[in-house]
Amino acid sequence: MKIVDAKVIVTCPGRNYVTLKITTEDGLTGVGDATLNGRELAVASYLSEHVCPLLIGRDAHRIEDTWHYLYKGAYWRRGPVTMTAIAAVDIALWDIKGKVAGLPVYQLLGGAARAGVTVYGHASGGDVPEALDDVARFLDAGYRAVRVQAAVPGLDKTYGIRSGSSLTYEPAAGVRPAEDVWDTGAYLDFVPTVMGAVRDRYGFGFQLLHDVHHRLTPIEAGRLGRSLEPYRVFWIEDPTPAEDQAAFRLIRQHTTTPIAVGEVFNSIWDCQQLITERLIDYIRTSVSHTGGITHLRRVFGLAELYGVRTGSHGATDLSPVCLAAALHVDMAVPNFGIQEYMSHLDPAGDVFPHHYSFSDGLMHPGDVPGLGVDIDEDQAAKYPYDPKYLPVNRLRDGTMYDW
Ligand code: GCO
Ligand code: MG
């Protein structure tokens, strides 16, 4: 079944998304998410200049072969741009295979290993009372797991805080990155008070998560983990910049709080040591930044051998196509842990009609053949690309820091 067309669609329904649409000779189409937040056009160009021409005439059924053709064939391996581009092709080909088979993709991956996918929502607040009220919003909506972030007193801006009544927060903005100021001491003193307040108010009957966003040193992360032990958090996420995998040994020596890492990883090699040395508890790689369903399954397979569970990145900069693909993988893998879920901003739903659903804390990818998500090109054309950047961080003395 030959591929006859491969095209890249860039659209901004609420935020920027890059989508690859592949068409076969018998008129079937598949979609893949190629969005790399703040660097969208690099992947769009990698695809349209270097990958789409190679796809024409290839057999759409040969997913594994195409993956290696693009990975090994480029000579230049790994990296977020390359791996997101390969992912988009891979996701689109799984979509097509599902449509040919007449089955939802999770059935092709081994079938349902659970009734649904437990997701966590994002509660946040400009102060502790606001964050507490926001937690209620998620618990009332049926969530069984909630991530909580609150603005650190004394800082003008804190990562992960929602503004207005939106269900999500929007970190990317402006034609140049905004510059935030970071203070580790203030943060480390504050977070235990937030988590303690959440448990005091709502008890222990749901999972409580927190994202550190790569801002600590290993010994500081050890201190944070230990200070949160009384509140039995499900995980602390990205405690340190994870290029340094061996550094996690130090965190492990100091705390039993579970550790989750991986949203900026793009290959199995980025987390090999973390997994095989059992330095983390959850691997957070995503379908669209980690080489697609084919490569993500390999990462999760390695993780399973070492008792590491999955917890895929699912922020709104990953498009509904990525979320659908993630839900199919989550349904089928034996070592599923949890899935991040931030509902997309309007009007993303009009551009990406989809069949996944949320009920009672669980999501389900739906049972239509393929991924169950599509792109409406007429709708997409209404929302032209709008360049935006993630913020950067500086310490109080002006030193560039990790965002
Ligand atoms: C998360 C992430 C996001 C990232 C964003 C970057 O846990 O959801 O940390 O908020 O910052 O996806 O593009
Ligand atoms: Mg994160």
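Residue numbers run from 1 in the order of the sequence given. Counting starts at 1 for both ligands and their atoms, in listed order.
- The heavy atom nearest to atom 7 (O) of ligand 1, out of those in R39, M342, E237, is found in E237.
- Contact check on R78 versus D270 returns a salt bridge, with a Lys/Arg side-chain nitrogen under 4.0 Å from an Asp/Glu carboxylate oxygen.
- Among R394, R215, K157, R396, the one residue that satisfies the salt bridge (charged side-chain N to carboxylate O under 4.0 Å, His left out) test with D183 is R396.
- At a heavy-atom cutoff of 4.0 Å, ligand 1 is contacted by the side chain of W403 but not by its backbone.
- Listed by number with element, the atoms of ligand 1 under 4.0 Å from a non-hydrogen atom of R147 are 1 (C), 7 (O), 8 (O).
- Atoms of ligand 1 found under 4.0 Å from any heavy atom of Y159 (numbered from 1 in listed order, with element): 1 (C), 2 (C), 3 (C), 7 (O), 9 (O), 10 (O), 11 (O).
- Aromatic pair F336/F300: centroids not less than 6.0 angstrom apart.
- The distance criterion of under 3.5 Å between nitrogen or oxygen atoms is met by E340 with respect to ligand 1.
- Outside the 6.0 Å centre-distance limit, the rings of Y159 and W182 are not counted as a close aromatic pair.
- Using a 4.0 Å cut-off between heavy atoms, H289 makes no contact with ligand 1 at all.
- For Y282 and F234, the distance between ring centers is under 6.0 angstrom.
- A salt bridge links K7 with E377; the closest basic N to acidic carboxylate O contact falls under 4.0 Å.
- Distances between N or O atoms of H122 and those of ligand 1 include no value under 3.5 Å.
- If you number the atoms of ligand 1 from 1 as listed, the ones under 4.0 Å from a heavy atom of N37 come out as 6 (C), 13 (O).
- Around the Mg ion (ligand 2), the protein contributes the following N, O or S atoms at distances under 2.8 Å: D211 OD2, E237 OE2, E263 OE1.
- Ligand 1 has an N or O atom lying under 3.5 Å from an N or O atom of H213, backbone or side chain.
- Two rings, from W403 and Y389, have their centers 6.0 Å or more apart.
- By the 30° and 60° cut-offs, the orientation of the rings of H289 relative to H313 is tilted.
- Under 4.0 Å from ligand 1, the heavy atoms of R284 that appear belong solely to its side chain.
- The distance between the ring centers of Y356 and H354 falls below 6.0 angstrom.
- Using modelled atom types, one side-chain atom of R114 and one backbone atom of D330 make a donor-acceptor pair closer than 3.5 Å.
- For ligand 1 and A315, the ligand atoms under 4.0 Å from any heavy atom of the residue are 3 (C), 8 (O), 12 (O).
- A side chain to side chain donor-acceptor pair (under 3.5 Å) with E64 holds for exactly one of H61, H68, R62; it is H68.
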